[in-house]
Amino acid sequence: MNQPRWLDDDEQHAWRRLAAVLLKLPSELEAQLQHDAGMSHFEYWVIALLSEAPDRTLRLSHLAAQANASLSRISHVAARLEQRGWITRRRSPHDARATLAVLTDTGWKHVVAAAPGHVEAVRRFVFDALTPDDVRHVARICDAILERIDAHPQRPASR
C-alpha cells in the first residue's frame, strides 16, 4: 500500500484557506441572490448561461455541461424555472432526442435585474480584495485545478 503524501505546513495552510473559501463564498452568493432576486445561485447561473447563448437557447445536455451539473439536476431546475415562466423547454428541430432550454423575455428581465447585485457581491467578496496580478494568479491557479479535476472523472467514494 502506498504511503499517504501528507501536506506540508504551507500546503496545509493553503488548503484550509481554499476549503474555507469553497464553503463560505457559495453561501454568501446564495444569500445575496435569494434576498435581492428571489432565486438560488444555481438558478441564476443557469439563466445567465442561457442569456449568453445564441438565441438564448441551449440543449439541456450542453447547459448541464456548462453548469457543471448532472442532466437530472438541470432538468429539475429547468422545471422550476419553467413554472416561473423564465424558460421554456422544447424538442430540438434538428434532433428529436434533444431538449432545448430557451430563456423567455420574462427570464431575461429577471437575469438583467439580478445581475447588478450579483456582480457587486462577487466584486465585494472576491475582486475588491485582489490586485490585478492576484486576479491573473487566481485564474491560472483555478485553471490548473480544473484541468486536474476534468482529467479525473468522479469515482464512487470509498467506504
Side-chain angles (χ1 to χ4, degrees), residues 1-54 56-82 84 86-87 98-99 101 103 107-108 110-159:
M1 183 169 155
N2 293 339
Q3 290 296 315
R5 297 184 313 142
W6 298 111
L7 303 179
D8 67 27
D9 290 344
D10 289 339
E11 291 168 332
Q12 182 73 281
H13 176 76
W15 167 243
R16 288 188 182 201
R17 302 314 296 159
L18 176 59
V21 169
L22 294 172
L23 293 169
K24 290 181 177 186
L25 184 59
S27 64
E28 291 294 338
L29 297 175
E30 182 79 19
Q32 177 274 315
L33 282 163
Q34 285 289 349
H35 180 267
D36 293 352
M39 69 179 81
S40 72
H41 187 231
F42 191 71
E43 290 168 337
Y44 175 82
W45 191 254
V46 167
I47 64 174
L49 288 169
L50 286 170
S51 76
E52 296 168 352
R56 300 190 307 212
T57 302
L58 286 170
R59 284 175 70 139
L60 278 183
S61 58
H62 294 156
L63 183 57
Q66 287 185 21
N68 295 307
S70 68
L71 191 53
S72 174
R73 182 174 186 199
I74 284 293
S75 294
H76 287 293
V77 169
R80 282 198 313 269
L81 295 173
E82 195 168 36
R84 293 182 190 171
W86 296 4
I87 72 165
T99 301
L103 186 67
W108 172 257
H110 281 281
V111 75
V112 167
H118 178 64
V119 76
E120 178 55 35
V122 170
R123 187 165 290 292
R124 180 174 66 248
F125 293 124
V126 179
F127 294 104
D128 286 350
L130 304 176
T131 68
D133 276 347
D134 291 339
V135 172
R136 286 187 289 280
H137 291 301
V138 167
R140 183 189 55 75
I141 291 164
C142 290
D143 286 344
I145 293 170
L146 286 169
E147 187 176 306
R148 282 291 179 113
I149 292 169
D150 291 343
H152 294 89
Q154 291 182 347
R155 304 183 242 346
S158 58
R159 292 181 187 240

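Fair warning: this is a prediction, and the values are worked out from it, not measured in the lab.
In terms of heavy-atom proximity, Ser75 sits nearest to Leu60 at OG-CD1, 4.3 Å. The minimum heavy-atom distance linking Gln32 with Gly117 is given by the pair NE2-C, 3.4 Å. Across every non-hydrogen atom of Leu58 and Ala53, the tightest pair is CG-CB, 3.6 Å. Closest non-hydrogen pair, Asp8 versus Asp10, comes out as OD1-N, 3.0 Å. Between Ile87 and Ala101, the shortest heavy-atom distance links the atoms CD1-CB, 4.4 Å. When all heavy atoms of Asp134 and Ala129 are compared, the closest pair comes out as OD2-O, 4.4 Å.
Once rounded to the nearest 0.5 Å, the distance linking CD of Glu147 with NE2 of His152 reads 10.5 Å. If you take CD on Glu30 and CE on Met39, they are separated by 11.0 Å, rounding to the nearest 0.5 Å. In this structure, CG in Leu103 is found 11.0 Å from CD in Glu52, a value given to the nearest 0.5 Å. Here CH2 of Trp6 is found 13.0 Å from CD of Glu11. Values are rounded to the nearest 0.5 Å. The CH2 atom of Trp86 sits 5.5 Å away from atom CD1 of Ile47, with the distance rounded to the nearest 0.5 Å. Atom CD in Gln34 sits 7.0 Å away from atom CD in Glu43 (nearest 0.5 Å).
Distance alone, capped at 3.5 Å, places no donor-acceptor pair between the Gln66 side chain and the Leu63 backbone.
Sorted by first then second residue, the ring pair (Phe, Tyr, Trp, His ring centres under 6.0 Å) pairs that include residues 113-136, not counting sequence neighbours, are His41-His118, Tyr44-His118.
More than 12 heavy atoms of other shown residues, nucleotides or ligands fall within 6.0 angstrom of atom CZ in Arg80. Other residues, nucleotides and ligands place no more than 12 heavy atoms under 6.0 Å from the CG atom of Asp9. Remark: Arg124 CZ is packed, more than 12 non-hydrogen atoms of other residues, nucleotides or ligands lying under 6.0 Å away.
Looking at heavy atoms from C-beta onward, Ile74 lies in side-chain contact with Phe42 at the 4.5 angstrom threshold.
Ion pair Arg136/Asp133 flagged as a salt bridge, since at least one NZ, NE, NH1 or NH2 atom sits closer than 4.0 Å to an Asp/Glu carboxylate oxygen.
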Evaluate the criterion side chain to side chain contact (heavy atoms under 4.5 Å, CB included) for residue pair His110 and Arg84; output intermediate values, then yes/no. CA-CA 11 Å; His110 281 281; Arg84 293 182 190 171; over 6 Å; no

